[in-house]
Structures are given as structure tokens and as C-alpha cells.
Protein chains: 2
Amino acid sequence: MSAIFKQHLQKFISISDEEFEQILSYFKLITVSKKENLLLEGQVCKQHYFVLNGCLRKFFINEKGVEITTEFAIETWWITDNKAFEHQTESPFNIQAVEKTTALTIDFHSQEKLLNDFQVMERYFRFIYQRAYAAAQMRLKFLYDFSKEDGYYNFMEAQPQFVQRIPQYLIASYLGFTPEYLSEIRKRKRS
Amino acid sequence: MSAIFKQHLQKFISISDEEFEQILSYFKLITVSKKENLLLEGQVCKQHYFVLNGCLRKFFINEKGVEITTEFAIETWWITDNKAFEHQTESPFNIQAVEKTTALTIDFHSQEKLLNDFQVMERYFRFIYQRAYAAAQMRLKFLYDFSKEDGYYNFMEAQPQFVQRIPQYLIASYLGFTPEYLSEIRKRKRS
DNA sequence: CGGATCGTTGATCAACTTCAACGGTCGTGG
DNA sequence: CCACGACCGTTGAAGTTGATCAACGATCCG
């Protein structure tokens with residue numbers, strides 16, 4: 001299972017089998033079942049998750065009591081509330097399993113230690129954050145550029161893997177509109 | 001002027017004066033006047049900018065021909081189209097000076113070389129991208145959480161430094177609505 | 001002084017939300 | 001293995017939010 005993580009690391013940096021085993025020892029392997037929570041709103045965000053298989057999502061609850069999903073993570077994606085993780089403060093987010101999920105998890109202090117002990121991990125995380133930041137910038141562009149309807153078609157094309165496995169109300173939530181409106185868009189397309 | 005950059009580096013890593021001079025040699029110092037362009041849509045995004053003073057913005061032009069500003073950068077902020085920079089591909093964005101601006105600039109290959117030559121710069125950029133990603137995540141949350149009106153009040157509170165120096169139509173563009181609507185919000189507040 | 005740029009106003013219009021209700025399906029307990 | 005309840009997607013009507021368009025006044029700058 002953790003071979004997935006090894007392959008992912010080796011896409012960015014070169015490490016020996018021995019080094020990998022040492023690096024892996026900073027992590028814990030966890031499995032959570034569908035709807036199980038890994039972080040609750042108001043808690044300090046202690047962990048950074050690397051999904052090996054399954055799917056996690058990050059969401060918050062707005063003043064109307066509606067869940068808004070801001071992020072999904074599937075195989076080989078990292079997920080956490082980075083701001084709360086970095087400062088070890090309370091998070092406004094929840095992290096929950098969409099499906100049964102296996103992940104590696106590392107707490108803040110272990111991650112700091114890992115970065116100090118392995119220079120090459122600075123390089124790895126520099127890549128990871130750089131890519132994640134670039135992706136977030138493009139996501140912002142899409143939000144500004146597209147109407148909600150076009151955003152849906154764009155997402156369908158760009159991430160068909162999600163549309164297969166994720167319930168529609170979560171997709172609507174992620175795209176920033178209501179399930180009813182998603183229904184309407186789909187009806188329009190059909191006719 | 002470049003002392004600003006030195007101070008910024010030293011907030012994250014420790015370097016000697018000598019090292020700093022070497023690092024600085026990878027950059028060029030530029031000054032641009034108001035409305036001058038540093039990147040045009042369709043060009044390969046070759047440069048990464050670190051603002052020493054003044055203000056840059058990144059924007060694109062939507063299908064209706066309207067400029068949408070997705071990012072500002074003032075003193076000690078980095079700015080580029082990270083996706084296009086990383087892959088050295090054409091960018092859909094423009095980068096333009098809002099005011100007369102002085103910045104350090106580094107091209108992609110120099111940045112790669114800098115990262116290879118100075119281990120400590122991997123750490124510095126890991127911090128930079130980590131913070132930038134966390135900030136982008138919070139920005140996304142605000143976009144999902146707030147109505148446009150609330151988004152304006154929130155921005156006013158969080159970034160009063162902008163509201164002073166940036167024309168209103170740019171603020172409206174950044175917040176994702178029209179100047180007319182901003183006018184309406186302001187009128188409502190007044191009464 | 002004269003033109004371009006910026007903020008404002010008000011009327012009309014489109015995109016999207018809210019609410020209430022209904023039918024299908026899926027999983028769980030009896 | 002069936003029945004029931006919870007959950008999910010869908011519909012349609014009415015309501016909001018914010019966009020569009022055209023016009024005007026103020027200000028800045030050459």
C-alpha cells in the first residue's frame with residue numbers, strides 16, 4: 001500500500017529503499033470508513049493526510065447550516081487545513097471520508113522533524129506546495145471566469161473520475177451551488 | 001532597496017551577507033511605471049517577481065472582454081502565473097503595474113539553478129509556497145462563504161492597505177463583481 | 001481648456017436560491 | 001428476505017442577488 005507513496009516521492013526526488021523506510025517511519029497508516037471524521041471544526045488541525053486509496057473531503061458549515069465542500073483528495077493527493085496545520089490552531093473545517101479510505105498521516109511536529117532530518121524532503125514539499133498553489137490559482141481563475149453552469153461542464157471534462165464516484169450533492173457543494181440547480185442544469189442538457 | 005529582500009529571506013532562513021550577495025546575483029532589479037506590462041496573455045511566463053515597492057496585479061480578460069484581476073502583489077509579495085512559469089508554457093494572464101513599482105525578477109532556469117546551488121533556498125521557497133497555498137485556500141473559503149457584499153466588507157477589514165491605494169474598479173474586479181454593484185453597496189452603507 | 005477616466009444612478013434582466021413536495025433506491029433491522 | 005425509513009435526485013413556483021446598459025457628473029491630467 002505504501003508503495004504508492006514511494007512511487008509518488010520518486011516522481012520528484014530520488015531516494016533509496018533504506019531512506020524510504022526511514023521516511024515512512026514518521027507516518028502512521030490509517031483506515032477510515034465512509035463518513036468517518038478525521039478533523040472536526042474547532043479542533044486544532046494536527047495532521048497532514050496523504051491518501052493511498054479512497055477519497056477524503058474538506059468542508060465547512062456556513063451560517064445557514066449548509067455544508068460547503070472546498071476540497072477533495074483521492075489517491076496520491078495531500079489534504080489538510082494548511083493554515084491551521086502550519087500554525088497549530090483551531091480549524092474552521094471538517095475533514096471526512098467520502099468512501100472507505102486508507103491514508104498515511106503525519107503530525108505537524110513529525111513533519112517539521114522530517115524536513116529537518118531529510119534535506120531532500122524540503123525539495124519534495126517545495127514541489128508539492130508549488131503545484132498545489134498553482135492548482136489553487138487555476139481554480140480561482142475558473143471560479144471567476146465561469147458561470148456556475150459552465151463551471152459544471154468544465155469540471156465534468158477535467159475531472160470525470162469524480163463524477164463517477166461522488167454523489168451529486170457533494171459535486172454541487174464543491175462547485176458552489178445547490179443540488180436543485182445542478183438538477184436543473186442536467187435537465188437542460190438532456191433536452 | 002534589495003535590503004527588503006534580505007530581511008524577508010532572514011525571516012525564514014539564516015544566511016550570511018556573502019551568501020545573500022551571491023543569491024541576489026541570480027536576480028535582476030527592474031522598475032516599471034504605472035500601467036506598464038510585465039507579462040501579456042499568450043506569452044510564455046518566463047519570470048517570477050518579488051515586489052520591493054509599489055504594486056503589481058495579475059488579470060485575465062474574459063469572453064466578454066472584461067478584465068478580471070485575480071491577484072495583487074505589494075511589498076515583499078511574490079507574483080507570477082505559477083502554472084505557466086513552472087511548465088514554461090503560454091499564460092492566459094497579464095501582469096501589470098498598478099503603481100510605479102520596483103521588483104526583483106528571476107527567470108525559470110535561474111530559479112532552478114538557485115534552488116540547486118543553495119539548499120537553503122529550497123527551504124525558503126517551501127515556506128513561501130506553503131504560505132501562499134494556505135492563503136489561497138482561505139481565499140477560496142471566503143469566496144464560497146460570503147455573499148459579494150460581505151466579501152467586500154471582509155476585504156475592507158482584512159486589507160485596508162489596498163482600499164487606500166487601489167482604484168475601486170480594480171477592487172470590484174478582484175472581488176468578482178461589477179463597479180456598479182460596488183457603488184450600490186457603498187450607497188447602502190452610507191444611508 | 002478639453003478629453004479621457006472613474007464613480008454613480010436607476011431601470012430592466014438573467015442567474016441562481018429557496019422552499020415544499022414527491023418518487024426511487026439503498027441499506028438495515030426485524 | 002422483506003419492509004421500512006432515511007437519503008438522494010428531481011420538479012416547479014416564487015424570491016434574491018447581482019449583471020447589464022445607458023446616461024451623467026466629477027476629477028484628473030495633458
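Small disclaimer: the values here were computed from a predicted structure and weren't measured. Reminder, nothing fancy here: chain letters follow the sequence lines and each chain counts from 1.
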Engineer: Can you see which heavy atom on A/I23 is nearest to which on A/F27, and at what distance?
Structural biologist: O-CD1, 3.4 Å
Engineer: Checking contacts here: which listed nucleotide (D/dA19, C/dT18, D/dC8) is nearest the side-chain heavy atoms of A/E180?
Structural biologist: C/dT18
Engineer: Measuring only between side-chain heavy atoms, which start at C-beta, is B/F155 closer than 4.5 Å to B/F142?
Structural biologist: no
Engineer: Roughly, in whole Å, what's the span from CZ in B/R186 to P in C/dG10?
Structural biologist: 16 Å
Engineer: Taking DNA chain C as the partner, which of residues 157-175 of chain A come within under 4.0 angstrom of it by heavy atom?
Structural biologist: none
Engineer: Which one, C/dG10, D/dT11, D/dC8, comes nearest to the side chain of B/K187?
Structural biologist: C/dG10
Engineer: Think A/T178 has a side-chain N or O under 4.0 angstrom from the OP1 or OP2 of C/dT17?
Structural biologist: yes
Engineer: Categorize A/Y181 for me: base, sugar-phosphate, or nothing, with a 4.0 angstrom heavy-atom threshold over every strand shown.
Structural biologist: base
Engineer: Contact class for B/E184 (heavy atom, under 4.0 Å): base, sugar-phosphate, or nothing?
Structural biologist: nothing
Engineer: Would you mind reading off the distance between B/K35 atom NZ and D/dC29 atom C1', rounded to a whole angstrom?
Structural biologist: 13 Å
Engineer: Can you tell me how far P of D/dG18 sits from CZ of A/F177, to the nearest Å?
Structural biologist: 17 Å
Engineer: May I ask you to say what A/G176 touches in the nucleic acid, namely base, sugar-phosphate or nothing, with a heavy-atom cut-off under 4.0 Å?
Structural biologist: sugar-phosphate
Engineer: In whole angstroms, how far is the C1' atom of D/dA19 from the NZ atom of A/K148?
Structural biologist: 14 Å
Engineer: Between B/Y133 and B/Q137, does any side-chain donor sit less than 3.5 Å from a side-chain acceptor?
Structural biologist: yes
Engineer: Please map the stems of DNA chain D, keeping only stretches of three or more Watson-Crick or G-U wobble pairs with both distances under 3.5 angstrom.
Structural biologist: C:1-30 with D:1-30
Engineer: From CZ of B/R188 over to P of D/dT16, roughly how many Å is that when rounded to an integer?
Structural biologist: 13 Å
Engineer: Looking at B/E18, I'd like to know if its CD atom is crowded, meaning that more than 12 non-hydrogen atoms belonging to other residues, nucleotides or ligands lie closer than 6.0 Å.
Structural biologist: no
Engineer: What's the CD1-C1' distance between A/I185 and C/dA15, to the nearest Å?
Structural biologist: 10 Å
Engineer: Closer to the 5' end of DNA chain D via nearest nucleotide, is it B/K34 or B/V66?
Structural biologist: B/V66
Engineer: Looking only at heavy atoms, what is the nearest atom pair of A/T69 and A/F59, with distance?
Structural biologist: CA-CB, 3.7 Å
Engineer: Return the value, rounded to whole Å, for the distance between atom CD of B/E99 and atom C1' of D/dC28.
Structural biologist: 17 Å
Engineer: Using atom types as modelled and distance alone, determine if a side-chain donor or acceptor of A/N53 lies under 3.5 Å from a backbone N or O of A/E75.
Structural biologist: no
Engineer: Ion pair present between A/R126 and A/E122, side-chain N to carboxylate O less than 4.0 angstrom?
Structural biologist: no
Engineer: If two hydrophobic side chains count as joined below 4.5 Å and joins carry through other members, does B/Y169 share a cluster with B/L182?
Structural biologist: yes
Engineer: Tell me whether the OP1 or OP2 atom of D/dT20 has a side-chain N or O from B/K64 closer than 4.0 Å.
Structural biologist: yes
Engineer: If we ignore hydrogens and angles and just use 3.5 Å, is the side chain of A/T80 paired with the main-chain N or O of A/Q47 as donor and acceptor?
Structural biologist: yes
Engineer: Can B/K6 and B/D17 be counted as an ion pair, charged N to O under 4.0 angstrom?
Structural biologist: yes
Engineer: Can you tell me which nucleotide in D/dT11, C/dT9, D/dT20 comes closest to the side chain of B/S183?
Structural biologist: C/dT9
Engineer: Nearest-Å distance, CD (B/E149) to P (D/dA19)?
Structural biologist: 12 Å
